[in-house]
Amino acid sequence: MTCPQPLPSLNVHTLMPVTERPEQVFVRGEGAWLWDAAGQRYLDWLQGWAVNALGHCPPVISQALQAQSSLLLTPSPALYNLPALQLAQALCGLSGMDQVFFGSTGAEANEGAIKLARKWGRLHRAGAHEIITFENGFHGRNLATMAASGKPGWDEMFAPRMEGFAKARLNDLDSVKARLSQRTVAIMLEPVQGEAGVRPASPAFLQALRALCDEQGLLLIFDEVQTGCGRLGELFGFHHFGVRPDILTLGKGLGGGVPISAVLAQAHCSVFEHGDQGGTYAGNPLMCAVALGVLAEISQPAFLAQVRRIGLQLQRGLQALSEEHGLGEVRGAGLLWALELGQDHAPALVRACRARGLLVNAARPHCLRFMPRLNSTAEEIEHGLAVLGAALAAQHHTSMAA
Ligand SMILES: Cc1ncc(COP(=O)(O)O)c(C=O)c1O
C-alpha cells in the first residue's frame, strides 16, 4: 500500500500545456496499478500509452537498470557497446530483418525509416522520394512524421509543410494505386491504426500492398511503434497479419517503460552509410540492456499465447458490455482494443472510470481504447470490465435523466 504523501508546493503551469491532464499527480506504479499522491489506487489500462508491456516497474527492468548503470551508461554512439550489439542481433533473429538503428522515440524511428526510404530512392529509383501514407494514420510529432501522419490539418500546423507524403485511405487499394507516380518510393502504414481508434488494416489489404510494392519496386514500411513487441499477441504485428515489410519501426513496448526505439531493415534497403543517421543516445547501453530483458520475456511463445488468451477475455467482456448498453463495434487484437460508443461520450466516460479507479483512453470522442499490460491477469481484466460496466450504467442513467 502507498500512504498519502504530502506534496511539496507544485505549480502545474511550469509545464507547457501541450495536453489536457487530470489534476492528480501520480507517484508510484507497480504491475497493473498506479497510485496518486492522495493514495488513490488505479487499475491502469493506459500503461504509458501501450508502453509498459510488463506493467509498472517490473523487476526485469529495475534489475537491468541497476546492473547496467554501474557498468556503462553512454560510451558514445560512435563506439560499439555490448547491449546494443546483443539487442540488434536478438531483434534481427526474431524479426528476420538484417540491420537495426536504435533511437529513443517512435517518431525518431519513423523519421529514420523515412530517411532510409528516401536514400534508397535516390540510389535505386532515380530520386523517387514520395511515400504513400494514410488518412488518420499517426507516426509521431516531429515535422517529418507529422507530415506523414494523416490527422486532419497536421501537415499545415507548423507551416511550411514538409513535402513528400501522399495520403491514401486504409483498406482501399484503389486509393493507393491512384497516388502512385514516378516519384513514389514507399508505402508506409500502421498495420492497426492505434491513435485513430484501433482501426486494423485487413490482411487482404496488407497482402495486396505487399504484392503492389513487389510489382512496382517500392518499399513497404510498417510502423509498429504501437502494434509491435507483443501488443497484438504476436511478437510483431506483421506476424499477426502474415505480411513482411521491408522496413519495420518499433518503440513503446520495446523498452517496457524506458525510451528506446528501432528501425529495422532488410539488407536490400539497408542503405545508410557513415554520416547518414545518428544521435547522441542512439543505442546507449542502458536502454538497450533494459530492452534485452523485456524482449527475453515478451518473445516467449508461452507469454504471447497468454496475451492472446487474456485478450480474448477482454474482447468478450467488451462485446458483452456493448450488447448490454447498446454500443457499437469492438475492434482490435491481442491487448489493444477499442469500443465504439456511438456517441461522443468517451471523455466523460474516461472521467467516470478514473473516479472509480480505472484509467482508460478516449482515442476519439466516440471511442474508448484499452491498452492493459501484456502480463495482465484474468482477475485484473474482470475487475476493469466491472468498473467500466458501472461507469457505462451511470452514464446511461445520466443520459436518461437529461
Ligand atoms: C503508430 C505510432 N507511431 C509513432 C508514434 C510516436 O511515438 P513517440 O511518441 O514515441 O514518438 C506513436 C505514438 O503513439 C504511434 O502510436
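Remember, it's 1-based here, ligands and their atoms both numbered in the order they're listed. Below, each value reflects all heavy atoms present in this structure, side chains not excepted, and no hydrogens, waters or symmetry copies.
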key: Residues Asp36 and Gln24: side-chain donor-acceptor under 3.5 angstrom   = no

query = Going by distance alone, is a donor N or O of one side chain under 3.5 Å from an acceptor N or O of the other, for Gln319 and Ser322?
reply = no

Protein contact to [atom] [nearest heavy atom, distance to 0.1 Å]:
atom	answer
atom 3 (N) of ligand 1	Asp223 OD2, 2.7 Å
atom 12 (C) of ligand 1	Phe138 CE2, 3.4 Å
atom 11 (O) of ligand 1	Ala107 N, 2.8 Å
atom 7 (O) of ligand 1	Gly106 CA, 3.4 Å

message = Keeping Glu190 on the side-chain end and Phe138 on the backbone end, is there a donor-acceptor pair under 3.5 Å?
response = yes

ask   = Could any protein non-hydrogen atom be found less than 4.0 Å from atom 14 (O) of ligand 1?
value = yes

Could you tell me, atom by atom, which parts of ligand 1 come under 4.0 Å of a heavy atom of [X]?
X	result
Asn110	3 (N), 4 (C)
Thr105	10 (O), 11 (O)
Glu190	1 (C)

task = May I ask you to check whether over 12 heavy atoms, not counting those of Gln216, lie within 6.0 Å of atom CD?
result = yes

ask   = Would you call Glu380-Arg373 a salt bridge at under 4.0 Å N-O?
value = yes

query = Any non-hydrogen atom of Lys252 lying under 4.0 Å from ligand 1?
reply = yes

key: For ligand 1, the portion of Thr249 having any non-hydrogen atom under 4.0 Å away   = neither

remark   = At under 4.0 Å between heavy atoms, what of Glu224 touches ligand 1? The answer is neither

ask   = Which word best sums up how the rings of His383 and Trp33 line up, parallel for under 30°, tilted for 30 to 60°, or perpendicular for over 60°?
value = tilted

query = Once the angle between the rings of Phe238 and Phe236 is folded into 0 to 90°, is it parallel (under 30°), tilted (30 to 60°) or perpendicular (over 60°)?
reply = parallel

remark   = Looking only at heavy atoms, the pair that brings Arg331 and Cys367 closest together is NH2-SG, 3.9 Å

inquiry  = The test is side chain to side chain contact (heavy atoms under 4.5 Å, CB included); show your working for Gln313 and Glu382 and say whether it passes.
reply    = CA-CA 8 Å; Gln313 182 193 349; Glu382 211 164 298; 4.3 Å; yes

key: Close N or O approach (Gln226, ligand 1; < 3.5 Å)   = yes

inquiry  = Checking the N or O distance criterion of under 3.5 Å, is ligand 1 in contact with Glu108?
reply    = no

